[in-house]
Amino acid sequence: GGLLTTVGTSTNLVVSGLAEDAGLPPFGFFDIGLIGLPCGFIGVAYLVLFGPLLLPKSTGLFRYLKNRGEELITEVQVTSAFKYKNQPVATMLAMLGFHVDVLVKIRRPKK
């Protein structure tokens, strides 16, 4: 909208008003699009072509999960009402239907 029409942004309206005050004809509704449309296409082409080169290669959770999709990373807080409380971790995982090869880190609250 901002690149194509006079009412797309407030700046377009201000510039149109200033041009009219200076004795120039006001902008038509799509007059800005004559410049904005090519600029928009150039901007999208630049992002498509050079964006992947500018972005980091291997950071972020989404890329990590994409590359290692068979793994699931999660955190669970166990309350005092948990049915398998005070059971060994392997027993608890088996009762919940998980494989025993799950890596578990236990953090107990400080008293």
Side-chain angles (χ1 to χ4, degrees):
L3 288 176
L4 300 177
T5 65
T6 303
V7 296
T9 66
S10 59
T11 306
N12 295 349
L13 289 170
V14 170
V15 171
S16 179
L18 290 174
E20 193 174 0
D21 289 345
L24 300 170
F27 296 154
F29 192 74
F30 288 109
D31 285 348
I32 293 176
L34 297 174
I35 296 171
L37 194 61
C39 288
F41 280 127
I42 290 169
V44 168
Y46 178 81
L47 289 175
V48 168
L49 295 174
F50 297 107
L53 301 173
L54 299 173
L55 293 172
K57 297 290 182 226
S58 64
T59 60
L61 179 62
F62 293 112
R63 281 206 174 100
Y64 177 79
L65 291 175
K66 179 183 171 194
N67 295 336
R68 305 184 77 170
E70 71 278 356
E71 297 178 11
L72 174 65
I73 301 170
T74 188
E75 182 175 325
V76 177
Q77 183 174 0
V78 178
T79 64
S80 60
F82 184 59
K83 186 160 105 173
Y84 302 113
K85 184 180 172 193
N86 298 325
Q87 297 288 328
V89 172
T91 304
M92 179 191 67
L93 290 173
M95 290 178 176
L96 291 173
F98 292 106
H99 295 284
V100 180
D101 62 349
V102 172
L103 176 65
V104 176
K105 180 178 180 180
I106 300 173
R107 283 188 271 169
R108 291 183 166 63
K110 296 178 182 176
K111 295 181 181 182

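Note that this is a predicted model, so its numbers are computed, not measured.
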Worksheet item: Are Phe30 and Leu37 side-chain neighbours, meaning at least one heavy-atom pair lies under 4.5 Å?
Response: no

Discussion item. Is there a path of hydrophobic side-chain contacts, each under 4.5 Å between heavy atoms of I/L/V/M/F/W/Y residues, joining Tyr46 to Leu49?
Written reply: yes

Worksheet entry | Atom pair CG/OG1 of Leu18 and Thr11 - distance to nearest 0.5 Å | 10.5 Å

Worksheet item: Any donor-acceptor pair under 3.5 Å linking the side chain of Thr6 with the backbone of Gly28?
Response: yes

Discussion item. Could you list the cluster mates of Leu24? Members are the ILVMFWY residues connected by side-chain heavy atoms closer than 4.5 Å, either directly or through other members.
Written reply: none

Worksheet entry | Test item: Leu3 and Ile32 side chains (from C-beta on) under 4.5 Å apart, heavy atoms | no

Worksheet item: Considering residues, nucleotides and ligands other than Phe29, do more than 12 of their heavy atoms fall under 6.0 Å from its CZ?
Response: yes

Worksheet item: Do you know the tightest heavy-atom contact between Leu34 and Pro38?
Response: O-CD, 3.3 Å

Practice prompt. Could you list the residues that satisfy side-chain contact (heavy atoms from CB on, under 4.5 Å) with Glu20, not counting sequence neighbours?
Written response: Pro26

Worksheet item: Stepwise, does the side-chain contact (heavy atoms from CB on, under 4.5 Å) test hold for Val7 with Asn12?
Response: CA-CA 7 Å; Val7 296; Asn12 295 349; over 6 Å; no

Worksheet item: Considering residues at least two apart in sequence or located in another chain, which fulfil the side-chain contact (heavy atoms from CB on, under 4.5 Å) criterion with Ile35?
Response: Cys39

Worksheet item: What's the shortest heavy-atom distance between Pro52 and Leu47, and which atoms?
Response: CD-O, 3.7 Å

Worksheet entry | Gap separating the CG atom of Asp31 from the CG atom of Leu4, nearest 0.5 angstrom | 12.0 Å

